[in-house]
Amino acid sequence: MSKSVTLTDKASGKTYEMPVMSGSVGPDVIDVRKLYSDTGYFTYDPGYTSTGACKSKITYIDGDQGILLHRGYAIEDLAEHSDFMEVAYLILKGELPNAVEKTKFARDITLHTMLHEQINRFYSGFRRDAHPMAVMCGVVGALSAFYHDSLDISDPHQRMIASYRLIAKMPTIAAMAYKYSIGQPFMYPKNELSYAENFLYMTFGVPCEPYKVNPVLAKAMDRIFILHADHEQNASTSTVRLSGSSGANPFACIAAGIATLWGPAHGGANEAVLKMLAEIGSKDRIPEFIKRVKDKNEGVRLMGFGHRVYKNYDPRAKVMAKTCKEVLGELGIKNDPLLDIAVELERIALQDEYFVSKKLYPNVDFYSGIILKAMGFPTAMFTALFALARTVGWIAQWNEMIEDPEQKIGRPRQLYTGPAHRPFVPVEKRG
Ligand code: CMC
């Protein structure tokens, strides 16, 4: 028997039957598509805390249990046993590749890593101290002015070429943003290197010396990319879907996603965490900081803590904490003062009634900044790395939306609270 719920309008005494839909796992949803036409009511849900905006087969999160699955595979398994190219293939195409498919996919991506040479000139239009995310928004949006042969979104082949281009070019774009900021020459990608190795090479290599990629750091980089690859219908992904729902081209949609990710409540949190740890400065100042966080008037948040969906430990944070130790070990960093503060902060927060009662746990951004700093990335680059890795998720979600026969332009409604219709008053008669 199909499930439904009954809505009773107490004012009129009328009842309405509303269908309930079930996914493969997770909570059922009430289908409210006919709510307005049947009842004259809209729903009100700022922040979409109770609203499912699409069907998706890509990523599943159980926030209470702290579970994250991509196409059914647990993030811990992917981070431990897979690599970013394989995870990108999985997210984009739905299945893990076999050996032949994996080699071909990695090669196809590699063939798109270079940028149109003229894009280099874009960079010189930015100030040297421009935030890398500002550069990324601009340059990624500008790709639509260069790759005209992958803009027809009704053609699956063009969509796939645009997807490959975006995944392939993002490391080049991000590394160039870094190089520009420090006045070093851009490094062209090297196709013999893996995705993560290539990014490290383009970021930290210089043309006058050979650059040897440290395998432990390349592995950590690859894992960080895996951990950020997709995360269901978060703010930036929803932005990409909403932009794409109007028929906008994929490069413009991903630029919109980058802009949304930049905010400190979302991808910008990794940068904010490091700033916070530096501001705390020493372990003995943690209690004072926690006090400020708990005081609503202060408007201070414990960055890297809390999540809209996870009401348990973010599974990505667990892997990130482990990777953090590996990286610091490899680099011979025995006592990192920021890590010490982070570990102590986490210990105190996890016992504190304020955080416990609100189910606030570390999220993916809590430890990622410490690793990235140890690897040599400046704080401003952290969110750019998040954008680089999330591109595969964004573009997979965008493709899924375009192929969805139920897809419509995204167009929320509102509860209007402004003045009702009133007569226009000429300026000379206004008091
Ligand atoms: N520190 C202190 N209090 C917090 C925090 C925090 N980090 N996060 C939530 N709260 C409190 C908040 O004040 C509220 O308290 P009350 O019910 O008394 O008003 C309650 O917890 C619920 O918070 P909310 O803002 O309604 O929850 P939300 O689901 O809208 O926000 C969040 C989720 C991630 C924006 C928020 O937890 C936050 O601002 N965290 C810090 C920023 C951060 O680390 N963001 C990265 C998220 S993971 C990566 C990503 O998505 O990009």
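Each ligand, and each atom within it, is numbered from 1 in the order the structure gives.
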Self-check item: Carboxylate-amine/guanidinium contact Lys104 Asp108, below 4.0 Å
Solution: yes
Quiz item: Considering the options Ile254, Ile153, Leu166, which one meets the side-chain contact (heavy atoms from CB on, under 4.5 Å) requirement together with Trp398?
Solution: Ile153
Practice problem: For atom 26 (O) of ligand 1, state whether the nearest protein heavy atom is under 4.0 Å away. | Solution: no
Quiz item: Of the protein's non-hydrogen atoms, which lies at the shortest distance from atom 4 (C) of ligand 1, and what is that distance?
Solution: Leu360 CD1, 3.5 Å
Practice problem: Examine Lys359 relative to Tyr361 and say whether NZ or CZ is less than 6.0 Å from the centre of the six-membered ring and inside a 45° cone about the ring axis. | Solution: no
Quiz item: Taking atom 44 (O) of ligand 1 as the point of reference, which of Gly306, Ala235, Gly304, Ser357 owns the nearest heavy atom?
Solution: Gly304
Quiz item: Is it true that Glu406 and Arg33 have a side-chain N and a carboxylate O under 4.0 angstrom from each other?
Solution: yes
Quiz item: Between Asn270 (side chain) and Gly369 (backbone), is there a donor-acceptor pair under 3.5 Å?
Solution: no
Exercise. Just go through Arg308, Met276, His231 and tell me whose heavy atom is the nearest to atom 29 (O) of ligand 1.
Key: Arg308
Practice problem: Distance to 0.1 Å, residue and atom name: give those for the protein heavy atom nearest to atom 42 (C) of ligand 1. | Solution: Met303 CE, 3.4 Å
Quiz item: Is it the side chain (CB and beyond), the backbone, both or neither of Phe366 that lies under 4.0 Å from ligand 1, heavy atoms counted?
Solution: neither
Self-check item: NZ (Lys291) with more than 12 external heavy atoms under 6.0 Å
Solution: no
Quiz prompt | Shortest protein contact, atom 2 (C) of ligand 1 (heavy atom only) | solution = Val293 CG1, 3.4 Å
Self-check item: Identity and separation of the nearest protein heavy atom to atom 7 (N) of ligand 1
Solution: Leu302 O, 2.7 Å
Quiz item: With atoms numbered from 1 as shown, which atoms in ligand 1 lie under 4.0 angstrom from a non-hydrogen atom of Gly267?
Solution: 52 (O)
Self-check item: Nearest-neighbour protein heavy atom for atom 3 (N) of ligand 1, which is reported as residue plus atom name and distance
Solution: Tyr354 OH, 3.0 Å
Quiz item: Out of Arg292, Arg390, Arg301, whose heavy atom sits nearest atom 13 (O) of ligand 1?
Solution: Arg301
Exercise. Please assess Gln158 against Ser150 for the test side-chain hydrogen bond (donor to acceptor under 3.5 Å, both in side chains), listing each intermediate value before the final yes or no.
Key: CA-CA 4 Å; Gln158 291 203 27; Ser150 50; 5.8 Å; no
Quiz item: Of the backbone atoms (N, CA, C, O) and the side-chain heavy atoms from C-beta on, which set of Asn234 has a member under 4.0 Å from an atom of ligand 1: side chain, backbone, both, or neither?
Solution: neither
Practice problem: Please report which non-hydrogen protein atom sits nearest to atom 17 (O) of ligand 1, along with the residue it belongs to and the distance in Å to one decimal place. | Solution: Lys358 NZ, 3.8 Å
Practice problem: Could you list the atoms of ligand 1 found under 4.0 angstrom from a heavy atom of Ala269? | Solution: 43 (C), 44 (O), 45 (N), 46 (C)
Self-check item: Protein heavy atom at shortest distance from atom 45 (N) of ligand 1
Solution: Ala265 O, 3.0 Å
Quiz item: What's the shortest distance from atom 51 (O) of ligand 1 to any protein heavy atom, and which residue and atom give it?
Solution: His266 ND1, 3.2 Å
Practice problem: Using a strict cut-off of less than 4.0 Å between a Lys/Arg side-chain nitrogen and an Asp/Glu carboxylate oxygen, indicate whether Arg159 and Glu403 qualify as a salt bridge. | Solution: yes
Quiz item: Do you see a protein non-hydrogen atom under 4.0 Å from atom 47 (C) of ligand 1?
Solution: yes
Exercise. Start with the C-alpha distance between Arg308 and Asn234, add both sets of side-chain angles, then the distance that settles side-chain contact (heavy atoms from CB on, under 4.5 Å), and finish with yes or no.
Key: CA-CA 9 Å; Arg308 170 62 62 77; Asn234 54 81; over 6 Å; no
Quiz item: CD1 of Ile286: more than 12 outside heavy atoms within 6.0 angstrom?
Solution: yes
Quiz item: Which option, His307, Lys296, His228, Lys294, owns the non-hydrogen atom nearest atom 16 (P) of ligand 1?
Solution: Lys296
Quiz item: Please walk me through it: do Phe186 and Tyr123 pass ring-ring contact (aromatic ring centres under 6.0 Å, His included)?
Solution: CA-CA 10 Å; Phe186 296 141; Tyr123 284 79; 5.2 Å; yes
Quiz item: Around Tyr36, counting heavy atoms of other residues, nucleotides and ligands shown, do more than 12 lie under 6.0 Å from its OH?
Solution: no
Quiz item: Could an N or O of ligand 1 be found under 3.5 Å from any N or O of Phe305, whether backbone or side chain?
Solution: yes
Self-check item: Those atoms of ligand 1 less than 4.0 Å from some heavy atom in Phe386
Solution: 52 (O)
